[in-house]
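See below for the structure under consideration.
For clarity, every value in this text was computed on a predicted model and none was experimentally measured.
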Amino acid sequence: MTSARLKYLSLGVLVFQTTSLVLTMRYSRTLQSDGPRYLASSAVVVAELLKILTCVGLVCKEHSYSVRALSSILRQEILHKPIETLKLAIPSGIYTLQNNLLYVALSNLDAATYQVTYQLKILTTALFSVSMLGRRLGLYQWLSLLILMAGVALVQWPTDSPGTPEKEQPAGGSPFVGLVAVLVACCSSGFAGVYFEKILKETKQSVWVRNIQLGMFGLVFGLFGMLLYDGERVREHGMFQGYNSITWAVVSLQALGGLVIAAVIKYADNILKGFATSLSIILSTLISYFWLQDFEPTSIFFLGAVLVIVATFLYGYESKPASNPSRA
């Protein structure tokens, strides 16, 4: 397959993953159905388990499907290096918090507003990269961060149009709670992503092995959170209460999305990633308006969205292509 085709394939995969996860998660959290709704904490746990199993399979594939080699690698990298493994407890706990916050955010915000606001993770990642990795940003990148903040502020600007609250809160959600959840998720995403990148640069282990280590801690933290906040409901209706085909689609997209991006990101330069983000915002806006019908676009929102898209392209203007490991 030619390089150009691989780039376009990467673009399609990035757009599909970022758009489908947000839309299906939003749909699943606002869908009216008989019986209890599925637990977000349970979905996070199942996603972590699925992610671990997938990474184990990928490590096994790297070693010609040898179970003995797989066992040796896992024992050597996890059991025999406890300090290195424990380092991943910090980003893993933060990622678990972030994944739970995304469910909270999409239970209270429409997909379009969420997609645009969540781009603030560019700002938090940049700031943590400067402070933790000593990375230097160029003039265009600092300018893009200012434009990004202005765009998100416009998207969150309150509207006085009649009937808007009913449309924005179809499931009784609170836009303020959703906004706070997104902002905390952006901060956690920036810190955990840079911390994970720093660990990867300091060692030569496979990214899949690192994701197994992350998943192990994430599974423990997720189970703890589920039992702490939803323990009574789990005992009453079970861990898989309210699960349906949409729920399993959300879990699968959340579990495999970050791994798919990690696999294709080497073919996607900054301009291509900017296109993917822009197309994802546009698709989320259109589908939220025409299909989910939980979003009423305004001129202020469109202006803010345009600024965020411009900031996304501008941020990558001076940056050199680099492999940025991702974990969703």
Side-chain angles (χ1 to χ4, degrees), residues 13-14 16-29 31 37-63 65 67 70-71 73-74 77-78 85 88-89 91-107 185 188-189 192-193 196 200 205-230 233-234 237-265 325-328:
V13 171
L14 288 170
F16 174 78
Q17 194 277 328
T18 53
T19 307
S20 59
L21 174 60
V22 170
L23 291 171
T24 53
M25 190 181 289
R26 171 63 178 173
Y27 181 67
S28 70
R29 299 308 288 172
L31 182 65
R37 179 182 296 175
Y38 76 92
L39 303 174
S41 57
S42 167
V44 170
V45 170
V46 176
E48 291 293 343
L49 181 59
L50 182 58
K51 193 176 300 182
I52 292 173
L53 295 175
T54 303
C55 287
V56 168
L58 290 170
V59 174
C60 189
K61 179 178 180 294
E62 285 181 348
H63 295 83
Y65 299 99
V67 177
L70 172 65
S71 176
I73 288 292
L74 296 181
E77 297 297 335
I78 298 176
T85 300
L88 290 165
S92 179
I94 296 175
Y95 276 129
T96 303
L97 171 65
Q98 174 192 335
N99 289 334
N100 279 281
L101 286 172
L102 297 187
Y103 282 97
V104 175
L106 282 165
S107 297
S188 63
S189 173
F196 187 43
L200 285 177
Q205 280 76 17
S206 163
V207 67
W208 308 126
V209 173
R210 285 307 193 191
N211 273 280
I212 292 173
Q213 293 170 310
L214 279 173
M216 289 168 54
F217 286 113
L219 187 61
V220 173
F221 290 138
L223 283 170
F224 179 78
M226 182 181 69
L227 295 176
L228 180 64
Y229 293 103
D230 296 314
R233 281 185 282 182
V234 170
H237 297 289
M239 178 177 171
F240 297 100
Q241 59 181 283
Y243 272 55
N244 53 32
S245 57
I246 299 296
T247 309
W248 284 109
V250 171
V251 168
S252 300
L253 286 168
Q254 189 176 29
L256 305 179
L259 302 180
V260 169
I261 292 178
V264 305
I265 206 70
S326 101
R327 181 193 185 274

How far does [atom1] of [X] sit from [atom2] of [Y], to the nearest 0.5 angstrom?
X	Y	atom1	atom2	result
Met226	Ser42	CE	OG	6.0 Å
Ile52	Met216	CD1	CE	7.0 Å
Tyr38	Leu31	OH	CG	9.5 Å
Tyr103	Ser28	OH	OG	6.5 Å
Phe221	Ser41	CZ	OG	16.0 Å
Leu21	Ser252	CG	OG	10.5 Å

Taking only residues two or more places apart in sequence, or in another chain, which ones meet [X] in a side chain to side chain donor-acceptor pair (under 3.5 Å)?
X	result
Thr247	Asn244
Asn100	none
Ser71	Arg75

Of the non-hydrogen atoms in [X] and [Y], which two are nearest, and what is the gap between them?
X	Y	answer
Arg29	Leu106	CB-O, 4.2 Å
Val46	Trp248	CG1-CZ3, 3.7 Å
Ala47	Gln254	CB-OE1, 3.9 Å
Met239	Val45	CE-CG1, 3.6 Å
Thr85	Gln213	OG1-NE2, 3.1 Å
Ala185	Leu101	N-CD1, 3.8 Å

- request: Would you sort out whether Tyr65 and Leu70 count as a side chain to side chain contact (heavy atoms under 4.5 Å, CB included), showing the intermediate values?
  value: CA-CA 8 Å; Tyr65 299 99; Leu70 172 65; over 6 Å; no
task: Quickly, which of Val251, Leu223, Leu219 forms a side chain to side chain contact (heavy atoms under 4.5 Å, CB included) with Leu49? Name it, please.
output: Leu219
- line: Residue pairs meeting side-chain hydrogen bond (donor to acceptor under 3.5 Å, both in side chains), one or both in residues 219-229, sequence neighbours left out, come to none
- request: Please test Glu77 against Ile212 for side chain to side chain contact (heavy atoms under 4.5 Å, CB included), starting from the C-alpha separation and ending with a verdict.
  value: CA-CA 10 Å; Glu77 297 297 335; Ile212 292 173; over 6 Å; no
query: Is Phe224 atom CZ crowded by more than 12 heavy atoms from other residues, nucleotides or ligands, each under 6.0 Å away?
result: no
field: By ring-ring contact (aromatic ring centres under 6.0 Å, His included) - contacts of Phe16 (at least two apart)
entry: none
field: Donor-acceptor under 3.5 Å (Glu48 side chain, Thr96 main chain)
entry: no
Atom pairs and distances, side-chain donor-acceptor, residues 53-62, under 3.5 Å, sequence neighbours left out:
residue : atom : partner : partner atom : Å
Thr54   : OG1  : Leu50   : O            : 2.8
Glu62   : OE2  : Trp208  : NE1          : 3.3

